[in-house]
Amino acid sequence: MTPNRSAPQRKSPKHLRLFAATLPLLSMLIACTSSGDNTGAPEAAPAPAATSVVKPGARVNVGVLGDLPGWSQLNTASNTLKGFQADLMYWLEDELNIDVTPVQVTFDQRINYMKNHKVDIMLANVAMNDERRKFVGFAGPYVYSEQEVMTAKGGPEIDKAADLGGKSVCTMRGTTSLQQLNDRLAVKMTITERDGLSQCVDDLKKGNTDAVFTAQVDLLGYAQEDKDLRLEKVNVGAQDRFGIAVPKGDKDSCERLTKALKTFIARGYWDQYFREHFPKEDITTHKPTPDDLVPCE
């Protein structure tokens with residue numbers, strides 16, 4: 001069922017039934033903490049050899065994250081995924097007349113899962129950059145995010161990048177945030193790499209690290225849920241532009257997704273879902289305009 005385009009709508013009950021039917025396999029990955037591509041994650045069927053993986057009627061394996069409150073959070077008890085990104089995924093299902101199957105991934109697995117055809121498209125906070133364009137195409141961006149530092153109550157206050165000097169900082173493998181800590185911030189610190197953001201947050205709460213460093217949108221939900229966690233509002237690193245990764249050379253899928261994203265933004269769906277999950281956050285900091293979406297290659 002295609003949403004009424006005159007006003008934003010909630011996803012239909014069909015989505016909840018579909019997700020409940022597909023998530024039991026996905027929940028197996030929550031306890032998995034090894035990196036790379038051989039983690040015991042659920043195996044999705046390889047992407048078909050068709051030119052377009054998101055043509056109408058297609059079954060589309062979608063890579064998603066599962067440990068980002070407000071953004072993409074898996075509830076293992078109910079086998080449901082909630083958040084802005086989940087809403088976007090199901091909206092795209094209706095808009096493009098496709099049948100989505102969510103496949104949970106870690107940050108470090110995202111590009112490998114695309115290269116190895118374990119998913120058809122990747123909707124897992126993939127920052128668009130030239131290095132990744134060697135392997136995938138992009139539709140988007142669908143959200144902007146600055147880098148952010150999160151600390152815990154009683155921990156150090158970080159007012160500028162230099163304050164990270166001598167501190168222990170946690171971030172995720174396979175991310176642009178890790179690249180920026182290593183390459184762009186001229187600060188000596190101890191860096192801990194984890195597969196999931198939830199692991200970094202656990203380290204922070206237990207006092208095993210001084211700070212967590214990643215894209216701000218990844219951290220917003222954690223700060224909303226726990227008053228003992230704080231975002232330092234430090235202007236560090238470079239802005240990320242998150243897009244939907246598609247198979248390299250699949251221009252048709254890219255163009256279908258780009259057209260849909262323009263509708264998602266222009267018709268009010270973006271605002272509705274973002275305000276629902278992050279009611280106190282400034283939309284203008286994260287929202288692209290339809291004209292911001294880059295041409296497909």
Side-chain angles (χ1 to χ4, degrees), residues 29-41 65-73 104-113 124-132 144-242:
L29 190 58
I30 282 292
C32 177
T33 58
S34 60
S35 64
D37 206 21
N38 299 312
T39 63
L65 297 164
D67 65 344
L68 303 182
W71 196 251
S72 181
Q73 185 176 32
Q104 193 182 354
V105 301
T106 66
F107 284 92
D108 199 30
Q109 291 170 329
R110 293 172 299 177
I111 300 303
N112 279 338
Y113 265 48
N125 294 22
V126 188
M128 303 165 65
N129 59 36
D130 291 339
E131 179 62 27
R132 289 170 175 162
Y144 294 127
S145 181
E146 303 292 339
Q147 300 300 302
E148 180 61 283
V149 176
M150 187 166 72
T151 58
K153 184 178 180 180
E157 293 188 6
I158 309 296
D159 295 322
K160 54 186 180 301
D163 292 338
L164 293 173
K167 304 295 190 302
S168 58
V169 182
C170 188
T171 194
M172 288 74 69
R173 296 181 180 93
T175 62
T176 54
S177 300
L178 177 59
Q179 293 175 347
Q180 293 192 53
L181 284 176
N182 286 325
D183 302 332
R184 299 189 58 141
L185 300 185
V187 178
K188 291 184 179 181
M189 68 192 86
T190 301
I191 300 174
T192 301
E193 301 176 27
R194 295 292 194 180
D195 294 307
L197 180 55
S198 58
Q199 296 167 338
C200 280
V201 174
D202 286 343
D203 286 344
L204 183 63
K205 290 181 177 180
K206 293 175 182 177
N208 295 331
T209 192
D210 294 316
V212 177
F213 180 87
T214 190
Q216 186 188 48
V217 294
D218 296 348
L219 297 170
L220 287 175
Y222 282 102
Q224 285 181 168
E225 288 186 346
D226 192 335
K227 63 181 180 180
D228 289 335
L229 299 176
R230 65 173 182 265
L231 302 182
E232 295 288 358
K233 304 295 184 181
V234 179
N235 185 16
V236 294
Q239 183 187 67
D240 278 335
R241 300 183 306 151
F242 292 154

Please assess Gln216 against Lys233 for the test side chain to side chain contact (heavy atoms under 4.5 Å, CB included), listing each intermediate value before the final yes or no. CA-CA 9 Å; Gln216 186 188 48; Lys233 304 295 184 181; 3.5 Å; yes

Please report the interatomic distance [atom1]([X]) to [atom2]([Y]), rounded to the nearest 0.5 Å.
| X | Y | atom1 | atom2 | result |
| --- | --- | --- | --- | --- |
| Glu148 | Leu219 | CD | CG | 6.5 Å |
| Lys153 | Lys227 | NZ | NZ | 6.5 Å |
| Gln73 | Tyr222 | CD | OH | 7.0 Å |
| Leu178 | Phe213 | CG | CZ | 10.0 Å |
| Thr214 | Gln180 | OG1 | CD | 9.5 Å |
| Arg194 | Thr175 | CZ | OG1 | 14.0 Å |

Considering only heavy atoms from C-beta outward, does the side chain of [X] approach that of [Y] to under 4.5 Å?
| X | Y | result |
| --- | --- | --- |
| Ser177 | Gln147 | yes |
| Leu231 | Leu220 | yes |
| Val149 | Thr151 | yes |

Shortest non-hydrogen separation from [X] to [Y] and the atoms involved:
| X | Y | result |
| --- | --- | --- |
| Leu164 | Ala211 | CD2-CB, 4.5 Å |
| Gly174 | Arg132 | O-NH2, 3.1 Å |
| Arg173 | Phe107 | O-CB, 3.4 Å |

How would you list, by chain and number, every residue that makes a salt bridge (Lys or Arg N to Asp or Glu O under 4.0 Å) with [X], sequence neighbours excluded?
| X | answer |
| --- | --- |
| Arg230 | Glu232 |
| Lys160 | Asp163 |
| Arg110 | none |
| Glu157 | none |

For Ala152, side-chain contact (heavy atoms from CB on, under 4.5 Å) partners two or more places apart: Leu204, Leu229

Under the side-chain contact (heavy atoms from CB on, under 4.5 Å) test, residues paired with Asp130 that sit two or more places apart: Arg133

Keeping to residues at least two apart or across chains, list the salt bridge (Lys or Arg N to Asp or Glu O under 4.0 Å) pairs with something in residues 204-224. Lys205-Asp226

With side chain to side chain contact (heavy atoms under 4.5 Å, CB included) as the test, would you mind laying out the steps for Leu197 and Met172 before giving the verdict? CA-CA 7 Å; Leu197 180 55; Met172 288 74 69; 3.8 Å; yes

By side-chain hydrogen bond (donor to acceptor under 3.5 Å, both in side chains) - contacts of Gln239 (at least two apart): Glu146

List for me each residue that meets side-chain hydrogen bond (donor to acceptor under 3.5 Å, both in side chains) alongside Thr176, sequence neighbours excluded, and say none if there are none. Asp240

With a 3.5 Å distance limit and no angle check, can you tell me whether [X] reaches the backbone of [Y] through a side-chain donor-acceptor pair?
| X | Y | value |
| --- | --- | --- |
| Thr106 | Gly196 | no |
| Ser72 | Leu65 | yes |
| Ser145 | Val217 | yes |
| Asp203 | Asn208 | no |

Which pairs with one or both residues in residues 173-235 pass disulfide bond (SG atoms under 2.5 Å apart), sequence neighbours excluded? Cys170-Cys200

